[in-house]
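Taking it in order: structure first as structure tokens, then the write-up.
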Amino acid sequence: MQIPEIDLKAYEYTLPEEKIAKFPLSRRDSSKLLHYRNGQISHLNFSNLPELLPAETLLVYNDTKVIPARLIFQRETGARIEIFLLQPLAPTTVIPEIMLAKHPVIWETMIGNAKKWKDNEVLKGQIPFQSGTITLQAKLIDRETRKVEFSWDNADLAFVDVVEASGEVPLPPYLNRKPIEEDKSRYQTVYSEKEGAVAAPTAGLHFTPEIFQQLKSKGIKEAQVTLHVSAGTFQPIKATQVTEHPMHSEQIHVNRETVEKILLNLGNVVTVGTTSVRTLESLYWYGVKLIEGKGEELKIQKLFPYENRDGLPSPQKSFEAILALMEEKGFQTIMGSTEIFIFPGYKFKIVKGLITNFHQPGSTLILLIATILGDEWKRVYTEALTNNYRFLSYGDSSLLWID
């Protein structure tokens with residue numbers, strides 16, 4: 001297909017500061033829920049969700065777990081250096097593996113106050129841990145690429161243990177506040193499991209065990225995917241031509257059971273959050289790559305869906321190709337990455353409905369919402385603002401159906 005020209009100004013709206021939810025509600029499922037289907041908008045509570053989903057729904061959510069990715073060090077001079085973990089580089093780039101490493105690791109980072117940190121200078125931090133302390137060291141090994149090596153003095157501890165003990169919750173920059181104790185649990189879904197995200201899949205923050213029990217009682221099926229959300233999700237679009245925006249690459253992991261469930265439930269898939277949308281749509285295009293003989297690596301580049309091609313395989317054929325590869329290779333999980341860019345003009349292949357929060361103006365995520373709703377996104381967001389919905393990560397929710 002021909003890549004459409006996108007005028008970013010058409011996807012801006014005015015978001016007053018007071019509409020941004022700076023803190024979570026006392027109860028996860030007490031948030032508002034805007035329901036949009038066939039042009040109709042209704043205002044409900046998140047606790048009404050089980051009533052809105054058909055019994056044949058397959059609900060797919062992202063089970064990534066946020067790590068305390070903001071590490072604070074102090075030089076002997078007193079200068080404060082803040083290191084934000086972005087992407088693992090060595091000894092592996094696979095997030096689950098590097099989180100379990102018990103020896104030095106190297107990450108690509110963002111560094112606050114970097115001018116005060118000398119090349120190859122080792123920063124040290126004393127971290128209280130159980131009955132003693134850990135010494136965590138950070139060495140700047142490449143200023144230009146912001147590579148930092150981390151090491152610690154307890155060989156029994158994995159990197160994830162050290163980070164959990166020393167790091168701060170990486171709240172989104174637009175909250176403009178320091179994390180508090182409550183954020184450790186509330187900026188995390190109740191089903192978070194796989195450590196590695198530096199931002200929460202926030203659509204899932206509304207779910208409670210009680211909601212899941214109601215969904216189960218109705219017969220609604222569930223499946224999990226893992227997409228480790230990167231800091232790039234907050235990166236504003238600055239490119240004059242929107243399609244030139246450098247979409248962030250994020251690691252995805254999907255098990256065989258989930259692939260099988262999607263294949264059996266095509267036409268009834270509802271996702272929790274934009275990260276789950278990006279994962280499932282990327283899986284479709286991975287199946288296309290396999291069918292087209294373009295290699296077995298799961299790596300979806302941002303504009304791959306928009307390449308000109310004669311005809312496309314059905315979602316069933318695509319997922320059958322993935323399962324055939326998993327069977328041939330003996331894979332129980334497929335791992336890879338995606339930087340898929342979903343903007344108006346894209347046609348959804350797998351997802352039929354989306355549970356999501358309200359997103360920043362002029363962002364890649366508002367483009368995804370506009371892909372679902374068309375120009376109706378403006379009416380939906382105006383309704384939400386008029387009815388005092390709370391916006392962004394700790395804000396209220398919506399259920400949007402793809403016609």
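Keep in mind that what you see is a predicted model, and the values were worked out from it rather than measured. Below, each value reflects all heavy atoms present in this structure, side chains not excepted, and no hydrogens, waters or symmetry copies.
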- Do L325 and Y286 have side-chain heavy atoms sitting under 4.5 Å apart? yes
- State the NZ-CG distance between K349 and L312, to the nearest 0.5 angstrom. 5.0 Å
- Query: Salt-bridged, K184 to E164, with N to O below 4.0 Å?
  - Reply: no
- Query: Do the charged groups of R27 and E210 touch, with an N to O distance under 4.0 Å?
  - Reply: no
- Rounded to the nearest 0.5 Å, what separation is found between the CG atom of L49 and the CG atom of L44? 10.0 Å
- Query: Rounded to the nearest 0.5 Å, how far does CD1 of I340 lie from CE of M247?
  - Reply: 8.5 Å
- Task: Would you check if there is a donor-acceptor pair between the side chains of S31 and H206 at a distance under 3.5 Å?
- Result: yes
- Item | Mutual orientation of the aromatic rings belonging to Y389 and H43 [parallel < 30°, tilted 30-60°, perpendicular > 60°] | tilted
- Please report the closest heavy-atom contact between I350 and L266, naming both atoms and the distance. CD1-CD2, 4.0 Å
- Item | Side-chain H-bond candidate by donor/acceptor type, E250 with S337, under 3.5 Å | no
- Out of curiosity, T271 OG1 to N62 CG, how far, rounded to the nearest 0.5 Å? 10.5 Å
- Relative to the ring of Y13, is the ring of F391 parallel (under 30°), tilted (30 to 60°) or perpendicular (over 60°)? tilted
- Message: For the CD atom on E5, are there more than 12 heavy atoms of other groups (residues, nucleotides or ligands in this structure) within a distance under 6.0 Å?
- Response: no
- Query: Quick one: are I366 and P361 in side-chain contact, heavy atoms under 4.5 Å?
  - Reply: no
- Please step through side chain to side chain contact (heavy atoms under 4.5 Å, CB included) for the pair Q40 and R37, ending with a clear verdict. CA-CA 5 Å; Q40 300 296 312; R37 190 163 204 174; 5.8 Å; no
- Find out whether N268 and T57 are in side-chain contact, i.e. whether some heavy atom of one side chain is under 4.5 Å from a heavy atom of the other. no
- Above 12 or not: heavy atoms from other molecules or residues under 6.0 Å from NZ of K218? yes
- Message: I need the L392 CG to H359 NE2 distance, nearest 0.5 Å.
- Response: 9.0 Å
- Message: Quick test of your reading of the model: are E193 and K65 salt-bridged, counting only N-O distances below 4.0 Å?
- Response: no
- Could you tell me whether R256 and E327 make a salt bridge, using a distance below 4.0 angstrom between a side-chain N and a carboxylate O? yes
- So do F348 and T371 actually touch side chain to side chain, heavy atoms under 4.5 Å? yes
- Task: Would you check if there is a donor-acceptor pair between the side chains of S393 and Y174 at a distance under 3.5 Å?
- Result: yes
- Message: Among T275, D63, T64, exactly one meets side chain to side chain donor-acceptor pair (under 3.5 Å) together with T226. Which residue is that?
- Response: D63
- Is it true that E383 and R379 have a side-chain N and a carboxylate O under 4.0 angstrom from each other? no
- Query: Between the main-chain N or O of L298 and the side-chain N or O of K289, is there a donor-acceptor pair closer than 3.5 Å?
  - Reply: no
- Rounded to the nearest 0.5 Å, what's the gap from CG on D156 to NZ on K102? Could you check? 6.5 Å
- Query: Any idea how F150 and F159 line up, ring-wise: parallel (<30°), tilted (30 to 60°), or perpendicular (>60°)?
  - Reply: tilted
- Answer yes or no on whether R177 is positioned over the face of F23, meaning its NZ or CZ is under 6.0 Å from the six-membered ring centre and within 45° of the axis. yes
- Student check: side-chain heavy atoms of L368 and T356 closer than 4.5 Å: no
- Query: Just wondering, do N265 and E56 contact through their side chains at under 4.5 Å, heavy atoms?
  - Reply: no
- Around K19, counting heavy atoms of other residues, nucleotides and ligands shown, do more than 12 lie under 6.0 Å from its NZ? yes
- Item | Aromatic ring proximity, centroids under 6.0 angstrom, F212 and Y191 | yes
- Just wondering, do N255 and Q332 contact through their side chains at under 4.5 Å, heavy atoms? no
- Is the ring centre of Y381 less than 6.0 Å from the ring centre of Y11? no
